[in-house]
Every structure is written in structure tokens, then in C-alpha cells.
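What follows is a single structure, written as C-alpha cells, with notes after it.
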Amino acid sequence: MSTGLLAGRAPGASGQPLPPSIGWTGEVKASFRLAWPLVVAQVAQMALYTTDVIMMGWLGPKFLAAGTLATSFMSPFLLFGIGIISAVAPMMAQAIGGSDFKSVRRTTRQGFWVSVVVTAVLITVIWNAEALFLFLGQTEQNAALAEGYIHFAVWSFLPAFLFLVLRCLLSAHGKTTIILNITIIGIFVNAICNYALMFGHWGFPRLELAGAGISTTFVNSVMFLLTLGYIMTHKRYKRYAILVRLWKPDWARFKEIFRIGLPIGCTLTAETGLFAAATILMGWLGTNELAAHAIALQCASIAFMVPLGISQAATIRVGLALGKNDPEGIKKAGWVSIIMGTGFMITTCLAFWLIPTFFIGFYLDLDVPENQVSLGLAISYLAVAALFQLVDGCQVVAAGVLRGLSDTKVPMIWAIVGYWVLGLPISYYCGFVLGGGGTGIWLGLAAGLAFVSVVFVIRFAWRERLGLMNYKSIERG
């Protein structure tokens with residue numbers, strides 16, 4: 001890339017469509033090469049959370065309960081912010097596809113601006129969590145401990161969002177291995193900081209949950225700074241000069257991030273809320289049902305990391321093709337990603353059907369008599385989760401494909417309809433009215449996700465007649 005390219009777009013990007021650069025086989029290779037580090041990075045990100053939960057358990061049951069309460073409370077807000085910030089991914093990909101490198105730089109800067117604004121709003125909402133916990137019937141001890149963790153952990157939102165902006169910049173250039181490496185470093189840094197600050201080792205004070213909150217903020221800051229350092233020193237990216245005139249406003253681009261990102265944030269929050277509501281329904285059935293549900297959901301969540309990583313890659317691949325005005329490239333990138341994500345989930349579907357006890361054995365001692373009820377329930381839930389996997393994988397990849405086209409508002413509406421108008425009522429009806437119990441609740445979840453999956457795939461198939469492929473550049477200068 002030459003510095004001259006930073007001045008504007010390549011001629012073909014705003015004129016006639018460019019011929020497709022690669023065939024179907026080439027698209028498969030390109031998508032896989034982009035996706036696999038993102039998939040592993042998603043698994044590594046989950047490992048960060050798992051490390052926190054394990055070490056909270058080492059502190060004792062009351063700390064684990066309060067820590068789980070706090071993280072469960074913060075998660076929807078974090079996902080909402082992530083959804084908004086992730087709008088920079090298709091914007092960057094479309095700009096790079098059209099050789100509009102100046103837009104990449106300005107989108108990065110405005111992504112930083114949006115990160116600051118979103119963080120400020122979310123901290124204001126979350127800060128006084130103890131009063132809300134008490135209102136919802138939590139004990140004074142749990143509420144106080146949870147808020148103590150939140151007061152430190154909530155500051156992790158800003159470096160996490162800034163890291164996401166830089167992740168999108170690197171992903172849009174097809175550079176995802178460095179993201180994986182930095183995330184793995186984060187796991188080790190998090191474990192070391194937790195061990196020192198939560199338990200008071202190596203001369204540090206014993207801060208317990210507050211220490212976990214400090215570690216969370218510190219590790220996200222380290223990951224952001226490592227990524228920033230990489231971008232500022234690598235010859236391919238330092239030419240963007242992303243920190244030069246950082247204070248300069250670009251209101252059109254700032255608004256565009258919110259226009260694309262707010263529906264993504266609402267969609268993620270709606271989906272998270274659906275599973276939270278399903279967990280509450282499971283709690284009405286009893287402890288064994290809730291335990292079995294937690295196991296099945298955890299198994300499904302781990303498998304979900306693969307199509308989620310593919311979805312992130314799909315946004316980039318489709319966005320690049322859109323930026324080139326390459327309708328054939330859009331078609332190939334979209335369908336290859338959807339087939340890859342759904343194809344992987346066929347594998348997990350068969351595994352959940354054929355060897356369910358293998359997965360359940362990681363969470364329950366299969367030889368303990370007291371666990372047999374939960375074991376039986378978990379096997380039945382995994383059988384439904386197997387079908388659930390197919391539609392869940394398909395819908396998340398299809399959503400990523402549509403985001404590559406900057407199509408987020410209408411998918412948000414359909415997602416809310418699928419999750420809350422169909423999925424949750426069907427869960428309640430099948431679980432309680434028809435007497436299906438936990439299996440009925442899982443069938444409702446699958447039904448809601450299946451509806452969203454079908455709508456998203458049809459929407460991509462009809463992308464031309466719906467006018468989703470028009471490149472709309474925002475003001476440059």
C-alpha cells in the first residue's frame with residue numbers, strides 16, 4: 001500500500017463493478033484463513049471468563065455467587081456496547097474493498113469516539129447496581145459484594161471497546177492471527193493478576209472480588225495497548241496515523257456508526273435476554289432442571305464460538321466485496337460462510353446426539369447417584385440442543401453476512417420478533433401448558449432461532465431485489 005492511496009478511492013470502486021477476483025474454491029480458502037484465528041480467539045475470550053469464575057470459586061461460595069451475579073448483570077450491557085462498536089467492521093471492510101483508505105483511518109478514530117461515549121453512558125447506568133440488586137430480592141451481602149466487583153470491572157469497558165475497534169481494523173485487512181496471539185497473552189495475564197490481587201500473593205493486598213475487577217480492567221487495557229503498539233509500529237498500518245488529529249470530529253461517520261451499530265447492539269441484547277428468560281423458566285421447574293439446563297447451554301455456547309468466528313469473518317468478506325462493487329463476490333462470500341457455519345454445526349449436532357455423556361461428564365460425576373436425575377435431563381436437553389445448533393449457527397452467520405452489507409435495522413426487528421414474540425412464548429407453552437418441562441423450553445428456543453435463521457437467509461438471497469447492495473459512501477474529506 002502506498003501513501004498515495006490514502007488520498008482517496010480507486011477508480012473502479014465508485015464506477016463500474018469489478019470482475020470477481022477469486023472462484024468458489026478461492027473464497028472457501030480466503031474465508032477459512034480469515035475465520036479460524038477469530039474462532040480460536042472467541043474460545044480464548046471465553047477462557048478469560050472461565051478463569052474468573054474458577055478463581056471466584058476458590059474464594060468461596062459467597063464470592064462465587066456474588067461474582068456470578070455481577071458478571072451476569074454486566075454482560076448484556078457489555079454486549080450492547082460491543083454491538084454498537086462492531087459497526088466499524090463492515091464500514092472498514094467496504095472502504096478497504098473500494099481502496100478508500102482515508103475512510104478506514106477516519107472510521108477508526110470515530111470508533112474511538114463512540115467507544116468513549118458508549119462507555120460513559122453504560123458506566124452511569126451500571127454504577128449503582130447494589131440498589132437494583134436489593135430491589136430484585138438479592139441479599140445485602142451478595143448485592144454489596146457484587147457492586148464492589150462492578151465498581152472496578154466496569155472500567156474495562158473502555159479498553160475492551162477500543163480493542164474491538166483495532167480488532168476490526170486488523171480483521172478488515174485479513175490479519176487475524178495477531179488477534180489470537182494477543183488474546184492468549186490476555187488469558188495468562190488475567191490468571192496471574194487474579195492470583196496476585198484476589199488472594200494477596202507476592203506481596204499484593206488480598207482484594208478478593210475487587211481484585212478480580214481490577215484484573216479484568218488491567219488485562220483489557222494490556223490487550224488494547226499491545227494491539228495499538230502493533231498497529232503503530234507495523235509498516236502496513238502505521239501509515240494510517242490513527243492517532244493524528246484524534247480530536248477532529250467527523251459527525252457524519254460518528255452518526256453512521258450508531259446508525260449501523262445500535263440495531264446490532266439491540267439484537268445481541270435481545271438474544272441474551274431470551275436465554276436469561278429461559279434460565280428463569282428453568283428455575284421454576286426445579287434445581288435438577290436448572291443444573292441440566294446450565295450444562296446443555298454451556299456445551300452449546302462453546303460450540304457456538306465456531307460459527308460466531310465465521311460470522312465475524314463473513315462480515316469482513318462481504319464488506320470487502322461490497323466495497324469493490326462485486327456482486328459475484330458478495331454472493332460467494334455470503335453463501336460460503338453460511339455453509340461453513342452450518343456445516344460445522346452438523347458435526348456438533350451428531351456429537352450431541354451420539355455421545356451426550358461425553359460432554360456432560362465434564363460437568364457432572366456420572367457415577368454419583370445424586371446426579372442421575374440431572375444426567376437424564378441433560379441428555380434430553382442436549383438432544384434438542386443438537387437441532388438448536390443447526391439453526392443457531394446458521395442465523396449468527398447469516399446475521400454477519402447481512403452486517404457486511406450494513407443491513408442491521410430490519411434484521412434487528414425480525415430477531416426481536418423471533419426471540420420474544422415466537423421463541424419465549426413457545427418455550428412457556430411447550431414447557432408448562434403442554435407439560436414438556438425443560439425439553440419444551442428448549443424446543444421454544446430452537447423454534448425462535450429457526451424462524452430468525454430462515455428470515456435472515458431469505459433476506460440475503462433476496463439482497464438485490466431488496467436493494468441491499470447499494471454502496472452508500474459517507475462524506476469524505
Side-chain angles (χ1 to χ4, degrees), residues 42 75-90 118 164 257-281 297 300-301 303-315 318-319 334 337-338 341-342 345 384-385 387-430 441-463 466-468:
Q42 286 300 138
S75 180
F77 295 98
L78 179 61
L79 286 173
F80 179 72
I82 287 173
I84 294 175
I85 308 302
S86 65
V88 302
V118 172
L164 178 59
I257 293 174
F258 276 104
R259 185 190 71 79
I260 299 172
L262 271 173
I264 301 175
C266 291
T267 300
L268 293 177
T269 304
E271 185 173 0
T272 304
L274 172 66
F275 287 102
T279 301
I280 293 173
L281 294 181
L297 189 58
S301 297
F304 181 74
M305 294 300 104
V306 175
L308 179 59
I310 295 173
S311 173
Q312 294 167 350
T315 298
V318 172
S337 298
I338 291 171
T342 308
M345 287 310 214
V384 182
L387 296 175
F388 169 97
Q389 292 282 289
L390 296 177
V391 293
D392 199 19
C394 183
Q395 69 87 20
V396 72
V397 177
V401 169
L402 293 175
R403 286 167 192 164
L405 299 173
S406 297
D407 180 36
T408 58
K409 185 176 180 180
V410 173
M412 173 198 69
I413 295 172
W414 283 116
I416 292 174
V417 170
Y419 299 151
W420 289 92
V421 179
L422 294 176
L424 188 61
I426 291 174
S427 288
Y428 179 84
Y429 184 78
C430 292
I441 292 174
W442 271 86
L443 285 172
L445 295 176
L449 287 166
F451 172 82
V452 175
S453 175
V454 170
V455 171
F456 283 4
V457 170
I458 291 175
R459 189 164 178 81
F460 176 66
W462 290 356
R463 60 195 176 280
L466 294 174
L468 303 181

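No experiment lies behind these values; they were computed from the predicted model shown.
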### W414 atom CH2: more than 12 heavy-atom contacts under 6.0 Å
no
Can you tell me if CZ on F258 sees more than 12 non-hydrogen neighbours from other groups inside 6.0 Å? yes
| said: Any side-chain to backbone donor/acceptor pair from T315 onto R403? Under 3.5 Å, distance only. | reply: no
Is it the case that over 12 heavy atoms from other parts of the model lie below 6.0 angstrom from the OH atom of Y429? no
Looking only at heavy atoms, the pair that brings C394 and I338 closest together is SG-CG2, 4.2 Å
Shortest non-hydrogen pair, I310 vs S337, comes out as CG2-O, 3.7 Å
When every non-hydrogen atom of P425 is compared with those of L422, the smallest separation belongs to CD-O, 3.4 Å
Those residues at least two apart in sequence (or on a different chain) that pass ring-ring contact (aromatic ring centres under 6.0 Å, His included) with F304 are none
Less than 3.5 Å apart, which donor and acceptor atoms pair up between the side chains of residues 76-90 and the rest of the protein, not counting sequence neighbours?
residue, atom, partner, partner atom, Å
S86, OG, I82, O, 3.3
S86, OG, G83, O, 2.7

For A270 and I416, the nearest pair of non-hydrogen atoms, with its separation, is CB-CG1, 4.1 Å
When rounded to the nearest 0.5 Å, the distance separating CE of M412 from OG1 of T269 is 11.0 Å
When rounded to the nearest 0.5 Å, the distance separating CD1 of I413 from OG1 of T408 is 10.0 Å
Output for pair (R259 CZ, I257 CD1), nearest 0.5 Å, gives 11.5 Å
All heavy atoms of G393 vs all of M345, minimum pair found to be CA-CG, 3.9 Å
The reported gap from CG in D392 to OG1 in T342 (rounded to nearest 0.5 angstrom) is 10.5 Å
>> When you measure from the side chain of S311 to the backbone of P307, do you find a donor-acceptor pair of N or O atoms at a distance under 3.5 Å?
In response: no
Heavy-atom closest pair (A277 atom, L424 atom, distance to 0.1 Å) is CB-CD1, 3.8 Å
Please set out all donor-acceptor pairs under 3.5 angstrom arising from side-chain atoms of residues 441-461, sequence neighbours excluded.
residue, atom, partner, partner atom, Å
W442, NE1, H293, ND1, 3.1
R459, NE, D407, OD2, 2.6
R459, NH2, D407, OD1, 3.2

